[in-house]
> 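Before I ask anything, here is the structure I am working with.
A note on names: the letters A, B, ... follow the listed sequences, proteins ahead of strands, and every chain is numbered from 1. Computed from a predicted model, the values in this text were never measured in an experiment.
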Protein chains: 2
Amino acid sequence: MTDTTPRRRDAERTRAELLAVATEVFAASGYAGARVDDIADRTRTTKRMIYYYFGSKEKLYLAVLEHAYRGIRAAEHDLHPGDLPPLEAVRRLAELTYDHHLSHSDFIRLVSIENIHHGQYISRLGSLREINRDALGILDGVLARGREQGVIRDDVDALDVHLVISSYCFFQVANRHTFGHLFDRDLLDPALRDHHRRIIGDVVAAWLSAAPSVPGPAAS
Amino acid sequence: MTDTTPRRRDAERTRAELLAVATEVFAASGYAGARVDDIADRTRTTKRMIYYYFGSKEKLYLAVLEHAYRGIRAAEHDLHPGDLPPLEAVRRLAELTYDHHLSHSDFIRLVSIENIHHGQYISRLGSLREINRDALGILDGVLARGREQGVIRDDVDALDVHLVISSYCFFQVANRHTFGHLFDRDLLDPALRDHHRRIIGDVVAAWLSAAPSVPGPAAS
DNA sequence: CGGCTAATGTAATCACCGGTACGTTCACAT
DNA sequence: ATGTGAACGTACCGGTGATTACATTAGCCG
């Protein structure tokens, strides 16, 4: 957060700046690793204000988490399936999700961090559940259409597809460092981006258009 | 670490116990979140011994990380492709990897933690790189055989396949909590295990047997 | 046995870090 | 213009947590 507007006494702005910087710091260091002093020092205000606006480190983290989750629009929202052929729509969704994840690495890291803490904080943020609902609804509509047309297998539901796509995209960002070290491939190398994006598109398209491996719907 | 052998003065045992407990605690709380006192209290020795054997919290974590990585045998090692049809071999590898990840959640969590720290610790453990080499080699052999037989597409390399499989399996364990909360599906629910295992098998089998989406090898 | 070192226990130290007491100043309403 | 509360700053506190100084004992080797 470098200086921008040098106004004095602007509650909204101070609060927003703290939240933005806290997001960066928590994402960079984890909850326990983040330092309240560090967050304060990176703003043009002081530690006192963190407690004035948020009350505690924990509540600040909760605010960061909620803000991050609300700020993320599921890639599904940018998908306008229109009358795209279902398979093309899903491929497009996969590739959108890929780009979406790559450009929101702080969010991805916060999710990792939250899982390290067994989801103990997000579990207090009940209102988030609804956000992803309609995103899944969009995907579900596409799959239904594909099944009707007989071009998409019937033993897979929207959540399964979402899981496969998210896993792949998430991994690229979340495990960049260990994977890069062990295999000498920087997953986020711009030169590989098209290759990696195409892969997840190919994967879901091939998967969904294949015949069910066992007759009849199996999803529970 | 509950009591087992009540011998006194056993260096090997003390060291091993510390390492095992430290693995649990680091995996449970992250590096910064883990407490040296906590680790010591869970053993039948004292904090002093951590410093006697490992020197510092950081070196203890490094030892945990290295031990965990060495202790993990890539699922590829349990794959004996023999003369299985290539596609079946890859499907089998995917399903093996799935079970493998599910039964090593502490390791998965350590990997997540290490990535939160930008891989700064694993980058000091240069010797690990070799471990995964021959694992990839096995997969590479299967793919090569499949390409020769014309049953596996030629625009995908072993690392790509490994990435797709690992991503899916890793996500299940690593993001269990946030995903479970947001979508009301416990990814590790035993009742879903067969369903989820089958999915990754279907995914790679369908993907690899499909025709390349663009003519000619594209992998870099 | 005597002694010598590896191994262990106890009790501190010291920095760091989340949180707060207290005082000040801005800006808006009247 | 000025009273008033919201917004902010400074300096500090108290606990915690990593690390260590020092004392002790166990076991082996001769």
Side-chain angles (χ1 to χ4, degrees), chain A residues 1 3-65 113 116-117 120-121 124, chain B residues 1 3-65 113 116-117 120-121 124:
Chain A
M1 264 304 120
D3 197 336
T4 44
T5 326
R7 257 179 294 169
R8 299 168 76 168
R9 295 279 159 127
D10 184 336
E12 276 317 302
R13 189 178 159 67
T14 302
R15 204 190 129 94
E17 185 180 356
L18 282 169
L19 199 59
V21 172
T23 300
E24 287 176 23
V25 174
F26 279 124
S29 311
Y31 176 74
R35 298 286 158 247
V36 175
D37 284 297
D38 185 25
I39 295 171
D41 290 348
R42 295 194 198 198
T43 68
R44 89 189 92 145
T45 177
T46 69
K47 180 164 61 161
R48 176 70 182 77
M49 290 299 98
I50 290 177
Y51 291 91
Y52 185 70
Y53 285 110
F54 298 97
S56 68
K57 179 184 183 180
E58 181 174 310
K59 289 197 196 133
L60 173 60
Y61 175 73
L62 279 167
V64 163
L65 201 58
I113 288 163
I116 292 300
H117 295 289
Q120 65 171 297
Y121 300 105
R124 295 189 230 159
Chain B
M1 263 304 119
D3 196 335
T4 45
T5 326
R7 258 178 295 167
R8 299 168 76 168
R9 295 279 162 126
D10 184 336
E12 275 318 301
R13 190 180 159 66
T14 302
R15 205 190 126 93
E17 185 180 357
L18 282 170
L19 199 60
V21 172
T23 300
E24 287 175 23
V25 174
F26 279 124
S29 310
Y31 176 73
R35 298 284 159 249
V36 174
D37 284 297
D38 185 25
I39 295 171
D41 290 348
R42 295 194 198 197
T43 68
R44 90 189 92 143
T45 178
T46 69
K47 184 165 56 160
R48 176 71 182 74
M49 291 298 96
I50 291 176
Y51 291 91
Y52 185 71
Y53 285 109
F54 298 96
S56 68
K57 179 184 183 181
E58 180 173 312
K59 290 198 196 131
L60 173 60
Y61 175 73
L62 280 168
V64 163
L65 201 58
I113 288 162
I116 294 300
H117 295 289
Q120 65 171 295
Y121 300 105
R124 295 189 229 160

> Could you give the CZ-to-P distance, from A:R44 to D:dA7, as a whole number of Å?
16 Å

> Has B:E17 got a side-chain atom pairing as donor or acceptor with B:R44's backbone, closer than 3.5 angstrom?
yes

> Taking the side chain of A:K47 as heavy atoms from C-beta outward, which of C:dG19, C:dT10, D:dT10 is closest to it?
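Out of C:dG19, C:dT10, D:dT10, the nucleotide with an atom closest to A:K47's side chain is C:dG19.
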
> Send over the distance from B:R48 CZ to D:dC22 P, rounded to a whole Å.
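These atoms are roughly 12 Å apart.
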
> May I have the distance from B:D38 (atom CG) to D:dG17 (atom C1'), rounded to whole angstrom?
12 Å

> Determine: side-chain N/O of B:T46 to OP1/OP2 of C:dT10, distance under 4.0 Å, yes or no.
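For C:dT10, OP1/OP2 do not have a side-chain N/O of B:T46 under 4.0 Å.
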
> Round to the nearest Å and state the distance from A:D10 atom CG to C:dC26 atom C1'.
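The distance from CG of A:D10 to C1' of C:dC26 comes to 12 Å, rounded to the nearest Å.
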
> Side chain of B:V36 only, heavy atoms from C-beta on: which candidate in D:dT19, C:dC17, C:dC22 is closest?
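Side chain of B:V36 sits closest to D:dT19.
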
> Looking at residues 49-60 of chain B, who's got a heavy atom less than 4.0 Å off DNA chain D?
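The answer is B:Y51, B:S56, B:K57.
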
> B:D37 CG to C:dT10 P: how many Å, rounded?
14 Å

> When the distance from CD1 of B:I39 to P of D:dT16 is rounded to whole Å, what number comes out?
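About 18 Å, once rounded to whole Å.
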
> Taking all non-hydrogen atoms of both residues, which atom of B:A40 and which atom of B:T46 are closest, and how far apart?
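Residues B:A40 and B:T46, closest heavy atoms: CB-C, 3.8 Å.
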
> What is the minimum heavy-atom distance between A:Y121 and A:L62, and which atoms define it?
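Reported closest heavy-atom pair: O-CD2, 3.6 Å.
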
> State which residues pass side chain to side chain donor-acceptor pair (under 3.5 Å) with A:Y51; sequence neighbours excluded, sorted by chain then number.
none

> B:G30 and A:I116: which non-hydrogen atoms are nearest, and at how many Å?
N-CG2, 4.2 Å

> So does B:R35 reach the base of D:dG17 with its side chain, donor to acceptor, closer than 3.5 Å?
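In this structure, the two groups form no donor-acceptor pair.
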
> Which whole-number value in Å describes the distance from A:D41 CG to D:dT10 C1'?
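One finds 14 Å between C1' of D:dT10 and CG of A:D41, rounded.
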
> Quick one: side chain to side chain donor-acceptor pair (under 3.5 Å) partners of A:K47, sequence neighbours excluded?
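Partners of A:K47 by the side chain to side chain donor-acceptor pair (under 3.5 Å) criterion, ordered by chain and then number, come out as A:D37.
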
> Looking for any heavy atom pair under 4.0 Å, which part of the strands does A:A34 touch: base, sugar-phosphate only, or nothing?
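It contacts sugar-phosphate atoms only.
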
> Within the 4.0 Å heavy-atom criterion, would you say A:A32 contacts the bases, only the backbone, or no part of the nucleic acid?
nothing

> Check the orientation of A:Y31 and A:F26. Use parallel for under 30°, tilted for 30 to 60°, and perpendicular for over 60°.
parallel

